[in-house]
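Position 1 is the first residue of the sequence; numbering continues from there. Atoms within each ligand, like the ligands themselves, are counted from 1 in listed order.
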Amino acid sequence: MTRTFPDGFLWGTATASYQIEGAVDEDGRKPSIWDTFSHTPGMTKDGDTGDVADDHYHRFAEDVALMADLGLQAYRFSVAWPRVVPTGSGAVNRAGLDFYSRLVDLLLENGIEPLATLYHWDLPQPLQDAGGWTNRATAERFGEYATVVGRALGDRVPTFTTLNEPWCSAYLGYSAGVHAPGVQDNASALAAVHHLNLAHGLGVRAMRSVVASTTAMSVTLNLQNVRGVSADDTDAVRHVDGLSNRIFLDPMLRGMYPEDVLDDLRHITDFAFIHDGDAAVINAPLDVLGINYYFPTLVAGTSSGYAPAEGATRYDWNDVAPVPGTDLAYQIPQEGPYTAMGWRIEAPSLTELLLRVHRDYPEIPLMITENGAAFDDVVAADGTVHDADRIAYLHDHIGAVHDAITAGADVRAYFLWSLLDNFEWAFGYSKRFGIVHVDYETLERTVKDSGNWYREVIANHGVN
Ligand code: IFM
């Protein structure tokens, strides 16, 4: 029996610039914080960097042909800020814009709808040297950069997303320190949250001033379905939900920060970085909300008797670890089954999350802008990858999206993460999320079983 999706529901895949492009010093691109971070000894697994990655910058035509072969209806990519405005402000690099322009044209020629993300973590290094996301000026520079991209691509890209997962930029980058720029300071992370929110609002406003009124504006949040270990952890759940979800959703969609979350955090910061008028800027009207989902979140309060393992960070899934950004809650290990990231596999949690967002923010349509799984793929002698575990994960999660739609959630699209195996940030090339295998020696692409399976899902407009 096929679980058919509504007419007009879009099937796509997603990628991000630093994870696939390579060509980091070509045609005028300058360093981003991820160039600096990945070249700093000890910051990524085996010292891996995005210098070459999938070499998509040179092979994008081959990659679009692959997308067409898979029958993709849409493709979500990100624009590298350091390719387009190489030092973060001032001079625009025409060659960088031309690359994305050619990519968009080729997608359209192949009947694939482009969705462009403006910021997927590759902040130009000079902006970091001036404080990065702890500095309000970075949000203003983002608004200027958004105008540049809007002018260049707005005539052909129907949907733009401002930020990808500001949770990661703020908390993994400035609190846990496991992502660029590698800062470990909760007060800095909270300043980063606000400046990312502000950048989002300024970006939407800037875009709208240069694109057609039919262009859709969105943001992508990695929202978390937060649960407590026991009934005693209700307040920890409220707190972590506030810190992870509502601190972005409420200002963006309701024009105000959640008071309970600000009250929780006043011992960390006085929030002087929130200026009069910011709430209205952040509340710029949106057309659709992008949600990235991979696994559920389990937490306990810090007075619950758990103790974090020495030096444990958000990346230690088998240990109790601090929830980044706060000293009031811990992340608790969960039972399997797991993906190769150590993330618990639980598809119904995605249905729960979608229904919760639909209940609390009913006016905004939703799209899944990322969902997928890393597994330890085995390449057979003939080069094929029989990734039944990835197919099972995708099948169940696409089914979970269908369940949410059946129960009333307005979900319009599903972007599978990821088209290609790629640079998985601090994990380097050790984790493979692609439905297309990439041989990092030869850069040869081979469609995995999951890619062939996804082609069928798209053709059938649903899963069995
Ligand atoms: O690879 C990342 C992506 O860049 C952002 N969302 C989660 C993915 C898997 O970790």
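Residues satisfying the side-chain contact (heavy atoms from CB on, under 4.5 Å) criterion with Ser244, sequence neighbours excluded, are Trp167, Gln224, Val240. Here Thr159 pairs with nothing under the side-chain hydrogen bond (donor to acceptor under 3.5 Å, both in side chains) rule; sequence neighbours left out.
Atom 6 (N) of ligand 1 has as its closest protein heavy atom Glu370 OE1, 2.5 Å.
Under 4.0 angstrom from ligand 1, the non-hydrogen atoms of Glu424 all belong to its side chain.
Considering backbone and side-chain N/O atoms, His120 comes within less than 3.5 Å of an N/O atom of ligand 1. Between Gln19 and ligand 1, an N or O atom pair is found at a separation short of 3.5 Å. An N or O contact shorter than 3.5 Å links Glu165 to ligand 1 by distance.
Judged by distance alone, with hydrogens and angles left aside, the side-chain atoms of Arg445 form a donor-acceptor pair with the main-chain N or O of Asp54 at under 3.5 Å.
In this model, a donor atom of one side chain and an acceptor atom of the other lie less than 3.5 Å apart for Thr326 and His239. Inspection of the Ser17 and Ser78 side chains reveals an N or O donor paired with an N or O acceptor under 3.5 Å. Donor-acceptor pairing under 3.5 Å is recorded for the side chains of His194 and Tyr257.
Within the 4.0 Å heavy-atom shell around ligand 1 one finds Trp343.
Selection from Trp167, Tyr294, Phe433, Tyr18 by nearest heavy atom to atom 8 (C) of ligand 1 gives Tyr294.
For ligand 1 and Trp425, the ligand atoms under 4.0 Å from any heavy atom of the residue are 1 (O), 2 (C), 3 (C), 4 (O).
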